[in-house]
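Chain letters run A, B, ... following the sequence lines, proteins first, then strands; residues in each count from 1.
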2 protein chains.
Amino acid sequence: MPGSLSLLKGLPRYDVFLQEAKCFPELDASACYTYLQLLRTGDELLALDEQVLNSYGTRHGRFNLLMILLKYGDGEATPAGLADKTGVTRATISGLLDGLEKDGLIKRKPDPEDRRLIRVHLTSAGHAFLDKVRPGYSRWFSSIVEPLDKEERRQLVFLLEKIRTRLSELAGNGESQSAQLS
Amino acid sequence: MPGSLSLLKGLPRYDVFLQEAKCFPELDASACYTYLQLLRTGDELLALDEQVLNSYGTRHGRFNLLMILLKYGDGEATPAGLADKTGVTRATISGLLDGLEKDGLIKRKPDPEDRRLIRVHLTSAGHAFLDKVRPGYSRWFSSIVEPLDKEERRQLVFLLEKIRTRLSELAGNGESQSAQLS
DNA sequence: ACCTAATTATTAGGTTCCTAACCGTTGTCA
DNA sequence: TGACAACGGTTAGGAACCTAATAATTAGGT
């Protein structure tokens, strides 16, 4: 029932930043341009992906959660485990599970052995929902990379892998180094 | 005063999806893998970028807004114009301006000629804030693309441009085509 | 001139995320 | 055994986004 969609008006978002490259004379313009292109592509892709999911009446968070539940054996999943896998906090998982349970896609059951634990089950409605969404979702994302040939895809994955490696190097000490300014 | 930061725990978010490639036998696994790599890189980059901004006590939305205000001549910016440039709704701009004004970084003044309009000004505190943040922010994003040499950056920009072109082709009719499932 | 339509900014209400604080349960170790 | 830390899930409150509705102002058409 969330219904249709916004028309994705918001894409000139980074144009200003791209012009801005020359405002950072202290560094290589190609670095600035590349970074901004990366950020912008990521942002647009995420936005459109979210929109596709919206057209199926779901969202990123919920869809991720359902997909991850699919990988678990039935009744193995706990909220804390889901938080780890999805990368959101346990509090967020609580909220997502509330929504999913209200819609009948999942069910919470207490663990018989450890009374702190909750076991999360995908209902048959949940399975049916995923079966309904996945074909279209597959088609959507294959259409995104369709303009790239096999070699280009290989290159892109390689380059992104390099960036991601860098990202994870910086993840741990991100604040300590960025806090030193000027 | 929002203070330090979260420690960016949440990056294994897409591992499950990547394993999932073989669950979509109906399509090319390289398409699936490339798409997921793209989504994941974008997501991680956005998350880390947000975290860097957090370490300066600001956020994506607010920082973008301030940077865009910097490009405007003083007193040319209106909320509606800012909404266009940033890609968020006017309602969101209202909220962001509320926060920024409360912190003394911008100021709203009525337009003398058209009483519907509000003119948004960067205060001297706003300028000072940007001057404080920009050097570190530049250093941050140049460190991200640093592992790529000049030719690799050129390639990456080229490939991302292809993706973005595709994205904008699909943006208009996203829902009509994705709504047909199976 | 006047009624209507378009435009501006804002508010109201909803969603998804966060952090922080809470409470109950389990494990540990004197 | 009994205090107490650690852990699991939830709740409360806040931020950034959205859509839809609102109030005030300007522009257009006859």
Side-chain angles (χ1 to χ4, degrees), chain A residues 1-10 13 43 46-47 49-51 53-54 57-66 76-84 86-103 106 108-120, chain B residues 1-10 13 43 46-47 49-51 53-55 57-66 77-84 86-103 106 108-120:
Chain A
M1 71 273 282
S4 345
L5 33 110
S6 54
L7 31 155
L8 195 63
K9 52 161 303 203
R13 186 180 324 209
D43 193 33
L46 251 359
D49 188 84
E50 173 80 16
Q51 197 178 77
L53 257 15
N54 286 352
T58 191
R59 310 284 178 84
H60 245 125
R62 290 158 90 118
F63 186 63
N64 280 3
L65 210 47
L66 291 175
E76 281 181 19
T78 64
L82 292 170
D84 273 356
T86 57
V88 298
T89 62
R90 289 191 303 257
T92 300
I93 294 290
S94 272
L96 288 173
L97 291 178
D98 285 348
L100 255 10
E101 189 165 36
K102 190 160 57 71
D103 292 353
I106 62 106
R108 279 187 256 222
K109 295 180 183 168
D111 185 289
E113 301 185 355
D114 186 337
R115 279 187 294 179
R116 287 173 303 182
L117 297 181
I118 291 283
R119 295 293 175 175
V120 182
Chain B
M1 68 275 282
S4 343
L5 33 111
S6 55
L7 32 155
L8 194 64
K9 52 162 302 203
R13 186 179 324 207
D43 195 33
L46 251 0
D49 187 84
E50 174 79 15
Q51 196 177 78
L53 258 15
N54 286 352
S55 77
T58 192
R59 313 283 179 82
H60 245 126
R62 291 158 92 117
F63 185 62
N64 280 2
L65 211 46
L66 291 175
T78 64
L82 292 169
D84 273 355
T86 57
V88 299
T89 62
R90 278 176 295 215
T92 300
I93 295 290
S94 272
L96 289 173
L97 291 178
D98 284 349
L100 255 11
E101 190 165 34
K102 190 159 57 70
D103 292 353
I106 61 107
R108 280 187 255 220
K109 295 179 183 168
D111 184 289
E113 300 184 356
D114 185 336
R115 279 186 295 181
R116 288 173 302 184
L117 296 181
I118 292 283
R119 295 294 175 173
V120 183

Check: R119(B) side chain, P110(B) main-chain N or O, donor-acceptor pair, under 3.5 Å: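 Not confirmed, R119(B) side chain does not pair with P110(B) backbone.
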Distance check needed: [N] [atom2] versus [X] [atom1], whole Å only.
X       : N       : atom1 : atom2 : result
E50(B)  : dT16(C) : CD    : P     : 19 Å
R59(A)  : dT15(C) : CZ    : P     : 8 Å
N54(A)  : dC18(D) : CG    : P     : 12 Å
L96(B)  : dA15(D) : CG    : C1'   : 9 Å
L82(B)  : dC17(D) : CG    : C1'   : 16 Å
L97(B)  : dA15(D) : CG    : P     : 15 Å
D84(B)  : dT8(C)  : CG    : P     : 9 Å
K109(A) : dG8(D)  : NZ    : C1'   : 20 Å

Not counting sequence neighbours, which residues clear salt bridge (charged side-chain N to carboxylate O under 4.0 Å, His left out) with R108(B)? List them please.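 R108(B): salt bridge (charged side-chain N to carboxylate O under 4.0 Å, His left out) contacts with D98(B), E101(B).
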Heavy-atom side-chain proximity of I118(A) to K109(A) below 4.5 angstrom: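 Result no, sub-4.5 Å side-chain heavy-atom pair not found.
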Are L66(B) and I106(B) packed together at the side-chain level, in the sense that at least one heavy-atom pair is separated by less than 4.5 angstrom?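 Contact flag for L66(B)/I106(B) side chains = yes.
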Of all the choices, [options], which nucleotide is nearest to the side chain of [X] once you look at every atom?
X       : options                  : answer
R62(A)  : dG8(D), dC18(D), dT16(C) : dT16(C)
A80(A)  : dG8(D), dA9(C), dT19(D)  : dG8(D)
R108(B) : dG9(D), dT10(C), dA15(D) : dT10(C)

Which atom of T89(B) lies closest to which atom of A83(B), heavy atoms considered: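 Closest heavy-atom pair between T89(B) and A83(B): C-CB, 4.0 Å.
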Please give me the minimum heavy-atom distance between F63(B) and T58(B), naming the atom from each residue.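 It is N-OG1, 3.9 Å.
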Using nucleotides 11-13 of chain D, report all nitrogen or oxygen pairs with the protein that are shorter than 3.5 Å.
none

Interface polar pairs with nucleotides 22-26 of chain D, N/O, under 3.5 angstrom:
unit_1  : atom_1 : unit_2  : atom_2 : d
dT26(D) : OP1    : R115(B) : N      : 2.9

First locate atom CG of D84(A), then atom CD1 of I93(A), and finally report the distance between them rounded to the nearest 0.5 Å.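 Reported value, rounded in 0.5 Å steps: 9.5 Å.
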Measuring from atom CG of D111(A) to atom OG1 of T78(A), what distance do you get when rounded to the nearest 0.5 angstrom?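 OG1 of T78(A) is found 9.0 Å from CG of D111(A).
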Quick one: list whatever passes side chain to side chain contact (heavy atoms under 4.5 Å, CB included) with L96(A), sequence neighbours left out.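 Side chain to side chain contact (heavy atoms under 4.5 Å, CB included) check on L96(A) returns R62(A), L65(A), T92(A).
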Could you give the angle between the helix axes at the two ends of the helix from dA1(C)-dT30(D) to dA30(C)-dT1(D), with five pairs per end, rounded to 10 degrees?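 The two end axes of the helix from dA1(C)-dT30(D) to dA30(C)-dT1(D) meet at 0°.
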